[in-house]
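Values below: every heavy atom of this structure, side chains too, minus hydrogens, waters and symmetry copies. Numbers here are sequence positions counted from 1.
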Amino acid sequence: QVQLVESGGGLVQAGGSLRLSCAASGRTFVGHVMAWFRQAPGNEREFVAAVSWRGTISYYADSVKGRFTISTDNAKNTVYLQLSSLKPEDTAVYYCAAYRSYSEVLPKRSPAEYDYWGQGTQVTVSS
């Protein structure tokens with residue numbers, strides 16, 4: 001069982017940056033794909049970024065490619081999402097998620113594939 005706790009959300013102006021953190025406890029996330037999703041009011045939860053467990057493969061939604069960066073610190077059992085050049089349309093609750101996989105292949109992007117979820121952290125981008 002993996003417990004995930006996100007932090008780092010907040011209010012930022014358009015063009016600004018934030019770094020989200022997701023700390024894993026219970027078990028390490030070795031052997032787990034780690035990902036970030038987001039959900040705005042009235043919208044479905046959407047894939048943002050994911051990274052394979054060794055960190056060799058990362059995958060981004062087209063809407064955030066070049067602006068967001070996912071990274072991991074295995075020593076701290078933490079995955080990060082660096083958000084840059086933020087836009088008002090990035091406003092959402094951001095969720096950390098994971099599923100078990102030792103394969104270094106392109107991570108899955110469907111929420112249904114993920115077994116573990118955090119409680120979410122709010123990111124609000126003002127124009």
*Could you go step by step and tell me if Arg109 and Glu46 meet the side chain to side chain contact (heavy atoms under 4.5 Å, CB included) rule?*
CA-CA 8 Å; Arg109 57 186 295 156; Glu46 66 171 351; over 6 Å; no
*Going through the distances and angles, do Cys96 and Trp36 end up as a side chain to side chain contact (heavy atoms under 4.5 Å, CB included)?*
CA-CA 5 Å; Cys96 179; Trp36 289 92; 4.1 Å; yes
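- The minimum heavy-atom distance between Trp53 and Val30, with the atom names listed, is CZ3-CG1, 3.2 Å.
- In this structure, Leu20 and Glu6 have side chains that are not in contact, with every pair of non-hydrogen atoms separated by 4.5 Å or more.
- Two residues are said to be in side-chain contact when any heavy atoms from C-beta on lie closer than 4.5 Å; Leu4 and Met34 meet this criterion.
- Looking at every heavy atom in both residues, Ser17 comes nearest to Ser85 through OG-N, 4.4 Å.
- For the 3.5 Å distance criterion, the side chains of Thr124 and Gln122 qualify, holding a donor opposite an acceptor.
- Expressed to the nearest 0.5 Å, how far OG of Ser126 lies from CG of Leu86 amounts to 10.0 Å.
- For Ser110, the side chain to side chain contact (heavy atoms under 4.5 Å, CB included) partners are Ala112, Glu113, not counting sequence neighbours.
- Rounded to the nearest 0.5 angstrom, Arg54 CZ and Ser103 OG are separated by 11.0 Å.
- Atom OG of Ser63 is separated from atom CD of Glu89 by 9.0 Å, given to the nearest 0.5 angstrom.
- When all heavy atoms are compared, the tightest approach of Gln39 to Asn43 is NE2-O, 3.1 Å.
- For the pair Leu81 and Val79, the minimum side-chain heavy-atom distance is 4.5 Å or more.
- Contact between Tyr80 and Asp73 at its shortest, heavy atoms only, is CE1-CB, 3.9 Å.
- Through chains of ILVMFWY side-chain contacts below 4.5 Å, Phe37 is grouped with Val33, Phe47, Ile57, Tyr59, Val93, Tyr95, Tyr99, Leu106, Tyr114, Trp117.
- Taking 4.0 Å as the cut-off between side-chain N and carboxylate O, Lys65 and Asp62 count as a salt-bridged pair.
- Within the model, atoms OH of Tyr102 and NE2 of His32 stand 7.0 Å from one another, a figure rounded to the nearest 0.5 Å.
- Across all non-hydrogen atoms, the minimal contact from Ile70 to Ser58 is CG2-CB, 4.0 Å.
- With no hydrogens or angles considered, a side-chain donor-acceptor pair links Tyr94 and Arg38 at under 3.5 Å.
- Nearest heavy-atom pair, Thr91 versus Ala40, reported as atom, atom and distance to 0.1 Å: O-CB, 3.7 Å.
- Thr78 has its side chain out of reach of Thr72: every pair of non-hydrogen atoms, C-beta onward, lies at least 4.5 Å apart.
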*Going through the checks in order, is the side chain to side chain contact (heavy atoms under 4.5 Å, CB included) test met by Leu83 and Arg19?*
CA-CA 6 Å; Leu83 291 67; Arg19 189 177 78 159; over 6 Å; no
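- Of the N and O atoms on the side chains of Glu104 and Ser52, at least one donor lies less than 3.5 Å from an acceptor on the other residue.
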